[in-house]
Amino acid sequence: MATFSQSTVDKGSDSFTDFCCSPCLEQNIDQWAEFYCNNCLKFYCAKCINLHGQLFGKHVTYGRGDTSKWPVLKEVEDFLQKCDLHEDKRLEMFCNDHSQLCCTNCAFLNHRQCTNVTLISESVKGPPPDLQKVSKRIQIILETLKKLENDWNTNMQSLQVSYNTQLHEIRQTRQKINTILDKIEKNTIKELEDKMTTLKASLKTDLDNCSKLKNELKHLSDAIHDIVDKGKAELSFIASKKCLEKNRQSETYLKVNSVQTERLVTFQADIDIEQFVSTLSGLGKIVISYPDQVFTVQGKSEYNVRIPSDSWNCNSNAICVLSSDQILLADNYNKCVKLLDQQYKVVAHCDLNAHPSDICQITPSEVAVAVYDVETHEVQFVSVNGGHLVMGRELQFKHSCWGIAHDQKDLYLTSGTALYKYSMRGDLMKKLYEDTSGRSTVWKCALNPTGDKIFVTNGDHHKVLTLARDGSVLCTFTDPDLKWPRGIHVTAQGQVLVCGWESNNILQLDCEGRKKLATLATSRDELNYPTSVCYNRSTASIIVGIYFNIILVFKVQ
């Protein structure tokens, strides 16, 4: 029997063990085997093989260079034959209808209706599978997964660093607020102390005046008592006149101060401060931000998306990649929406009643299409169902519909000169922004992943605007390389892509829309009058719609 015990972690596996020398294992010694004897069906280390050779010189042995002739590890055999769904069962059958391995439980529960379920022993007839090719593919995938795992680990570390940094910022913000409140408290206490000092000084003055008047009257009273019946006419005259004057002063003083109002200091809190603070749910807003990851173009492919029913050259005015990796293309000239497969082949289309100008995803299988004509200003909903495109409801508007974007329960529409926010029922919620200095100042729009920034292209003035959720302008981007910006797209990672219609290029802006990070494609890449741009995350590619039946696909990393 094959014997094994030692781990093969160093050989790239952390699950299986390697063969051990059979004689050594009998002595409770773990020693890797270097040879296998096909006659003895045992394994030998370099030391034991010498003794074996002396005793059994005619036996056929295979070294590590011939491991293909060694038996399969029992652990490997058990691992491969174990059912993934029912771990206590062995794989015994194969369903050709579903191309799935089955144990008896699987066959009974999931494949009773299948017509082509056979025993594995019968399915192995024919040429053996190319395991080397499969292994190479696994290695490629493992390398990719390893890189992805490293990226996730790096991201986890970066996330922790950003958490620590922002936690420090929160505490610093709290400290700043504490400092401001300490200053406000200090000023309020100083005002209280100043009021107290002033009131005390005023009361002391009144008290001193009262005491002085009282003492003077008492002295006069004592003096009169001393000269009564003394026969001092002059002193009596002076005393009477002084008493009359002091009595007059006292009566006047008492008349002014007869009603003494008690003076107290009180504090009246600023209600506005209390009410404002009570409305706050935190010291600020926690936002998930994405570091600017610049795309690098690795290659380019070209695909023709014209179909026989097209009356005109295809103009890909807008492109949208659904969550299911299906690609929808708005063909402006031919008034239709086309469904592309992952090889960019048109597999279905539906006709519209007007020219589509832009498209955005609403649900995993539904999009909204902004359409226009002389008297048509609508948004038409289109769904993907079983590889077909199905027309849905329509919303009508009083203004032109050029650009469209969707965020949660809201629709954003551009009219050429204004950006509007609507409910999904078509009710106007707010006109967010307007620029009437031209006819194409508010052309296409796109939202960032968190929905707190809206990017708008201004063709007339060759600008890209970044608006806040309330429509206020956060920043304006201009660049000599960007002429008549038209289509704009924001990836799930926050990367901003904009196509210059007259400058024949695709630019990547930073996530704030403030600066250019890269020029991804130009006229040297046969980029002529690009009208739309979209990123396909599953294939890591940028799809660009241009005039005359063509879309360009740039492989990026």
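For reference, positions follow the sequence shown, starting with 1. Here the structure is a predicted model, which is why all the values come from computation and not from measurement.
Here the side chain of D435 pairs a donor or acceptor atom with the backbone of S437 at under 3.5 angstrom. Remark: side-chain polar atoms of H462 are paired, donor with acceptor, to backbone N or O of W484 under 3.5 angstrom. With T466 contributing its side chain and E512 its backbone, the two residues share a donor-acceptor pair below 3.5 Å. Remark: side-chain polar atoms of K338 are paired, donor with acceptor, to backbone N or O of V305 under 3.5 angstrom. In this structure a side-chain-to-backbone donor-acceptor pair under 3.5 Å is present from D460 to S440. A distance-only check finds no donor-acceptor pair linking the side chain of N96 to the backbone of S99 [under 3.5 Å]. Side chain of D331 to main chain of C336: no donor-acceptor pair is present (N/O by atom type, distance under 3.5 Å, no hydrogens or angles). Formation of a donor-acceptor pair under 3.5 Å by the S135 side chain with backbone atoms of Q132 is not found in this model. The main-chain N or O of W443 is found under 3.5 Å from a side-chain atom of T414 such that the two form a donor-acceptor pair. In this structure, the side chain of N315 does not engage the main chain of Y333 through any donor-acceptor pair within 3.5 Å.
In this structure, Y420 and H399 have parallel ring planes: the angle between them is below the 30° cut-off, well short of the 60° mark.
Put simply, NZ on K409 and CE on M424 are 11.0 Å apart, with the number rounded to the nearest 0.5 Å. Remark: H355 NE2 to D373 CG distance equals 5.0 Å, nearest 0.5 Å. With rounding to the nearest 0.5 Å, the separation of CG in D407 from CD1 in I454 is 8.5 Å. Between the OH atom of Y529 and the CZ atom of F548 there is a distance of 8.5 Å, given to the nearest 0.5 Å. Atom CD1 of I542 is separated from atom NE2 of H489 by 8.5 Å, given to the nearest 0.5 angstrom. Note that the CG atom of L447 and the NE2 atom of H406 stand 10.0 Å from one another [nearest 0.5 Å].
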task: Apply ring-ring contact (aromatic ring centres under 6.0 Å, His included) to the pair Y535 and F295, showing each step before the final yes or no.
output: CA-CA 11 Å; Y535 176 65; F295 285 123; 4.9 Å; yes

Stepwise salt bridge (charged side-chain N to carboxylate O under 4.0 Å, His left out) check, D479 with K516: CA-CA 8 Å; D479 190 276; K516 178 177 69 176; 3.6 Å; yes

message: As a quick check of understanding, evaluate side chain to side chain contact (heavy atoms under 4.5 Å, CB included) for V456 and T441, giving each step before the final call.
response: CA-CA 9 Å; V456 174; T441 53; over 6 Å; no

- request: With side chain to side chain contact (heavy atoms under 4.5 Å, CB included) as the test, would you mind laying out the steps for L322 and Q361 before giving the verdict?
  value: CA-CA 7 Å; L322 300 182; Q361 182 173 353; 3.8 Å; yes

query: After noting the C-alpha distance and the side-chain angles of Q175 and T179, does the key distance pass the side chain to side chain contact (heavy atoms under 4.5 Å, CB included) rule?
result: CA-CA 6 Å; Q175 189 58 48; T179 302; 3.9 Å; yes

- request: Please assess N187 against I184 for the test side chain to side chain contact (heavy atoms under 4.5 Å, CB included), listing each intermediate value before the final yes or no.
  value: CA-CA 5 Å; N187 292 339; I184 293 174; 5.6 Å; no

- request: Go through the steps to decide whether K186 and D182 satisfy the test salt bridge (charged side-chain N to carboxylate O under 4.0 Å, His left out), and finish with yes or no.
  value: CA-CA 6 Å; K186 183 178 179 180; D182 288 344; over 6 Å; no

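No side-chain heavy atom of L432 sits less than 4.5 Å from a side-chain heavy atom of L467. Two residues are said to be in side-chain contact when any heavy atoms from C-beta on lie closer than 4.5 Å; D358 and K444 meet this criterion. A heavy-atom distance below 4.5 Å is found between the side chains of N317 and R486. Counting heavy atoms from C-beta outward, L527 and I546 have side chains that approach closer than 4.5 Å. Contact of the I138 side chain with the V134 side chain is registered, since non-hydrogen atoms from C-beta on lie closer than 4.5 Å. At least one side-chain heavy atom of L517 sits less than 4.5 Å from a side-chain heavy atom of Q508. Side-chain contact between M429 and S423 is present, with at least one heavy-atom pair separated by less than 4.5 Å. Contact annotation: the side chain of H349 never approaches that of L329 to less than 4.5 Å [non-hydrogen atoms, C-beta and beyond].
Remark: aromatic rings of F397 and Y422 are close, center separation under 6.0 Å.
N164 and Q160 form a side-chain donor-acceptor contact under 3.5 Å, judged by distance and modelled atom types alone. A donor-acceptor pair shorter than 3.5 Å can be found between the side chains of N505 and S503. Side-chain contact check for N528 and N504: no donor-acceptor pair (N or O, by modelled atom type) lies under 3.5 Å. No side-chain donor from either of Q493 and Q495 sits under 3.5 Å from a side-chain acceptor of the other. Donor-acceptor pairing under 3.5 Å is lacking for the side chains of Y547 and N332.
Residues V369 and P356 come closest through the heavy atom pair CG1-CB, 3.7 Å. Heavy atoms only, all atoms of each residue included: P530 and G500 are closest at CG-O, 3.4 Å. Residue K463 comes nearest to P485 through the heavy atom pair O-CG, 3.3 Å, listed as atom of the first residue, atom of the second, then distance. The minimum heavy-atom distance linking L413 with C401 is given by the pair CD1-SG, 4.3 Å. Nearest heavy-atom pair across P449 and A492 is CG-O, 3.4 Å. Across every non-hydrogen atom of N334 and C314, the tightest pair is ND2-CA, 3.8 Å.
Summarising the local packing, CG of L280 is surrounded by more than 12 heavy atoms from other residues, nucleotides or ligands at distances under 6.0 Å. Within 6.0 Å of the CZ atom in R524, the count of heavy atoms belonging to other residues, nucleotides or ligands does not exceed 12. Within 6.0 Å of CG on D84 lie no more than 12 heavy atoms contributed by other residues, nucleotides or ligands. Within 6.0 Å of atom NZ in K555, more than 12 heavy atoms from other residues, nucleotides or ligands are found, so the atom counts as buried in its surroundings. Summarising the local packing, CG of N385 is surrounded by 12 or fewer heavy atoms from other residues, nucleotides or ligands at distances under 6.0 Å. Residue E526 qualifies as open at atom CD: its count of foreign heavy atoms under 6.0 Å is 12 or below.
Between D151 and K147 there is a salt bridge, since at least one side-chain N of the basic residue sits less than 4.0 Å from a carboxylate O of the acidic one.
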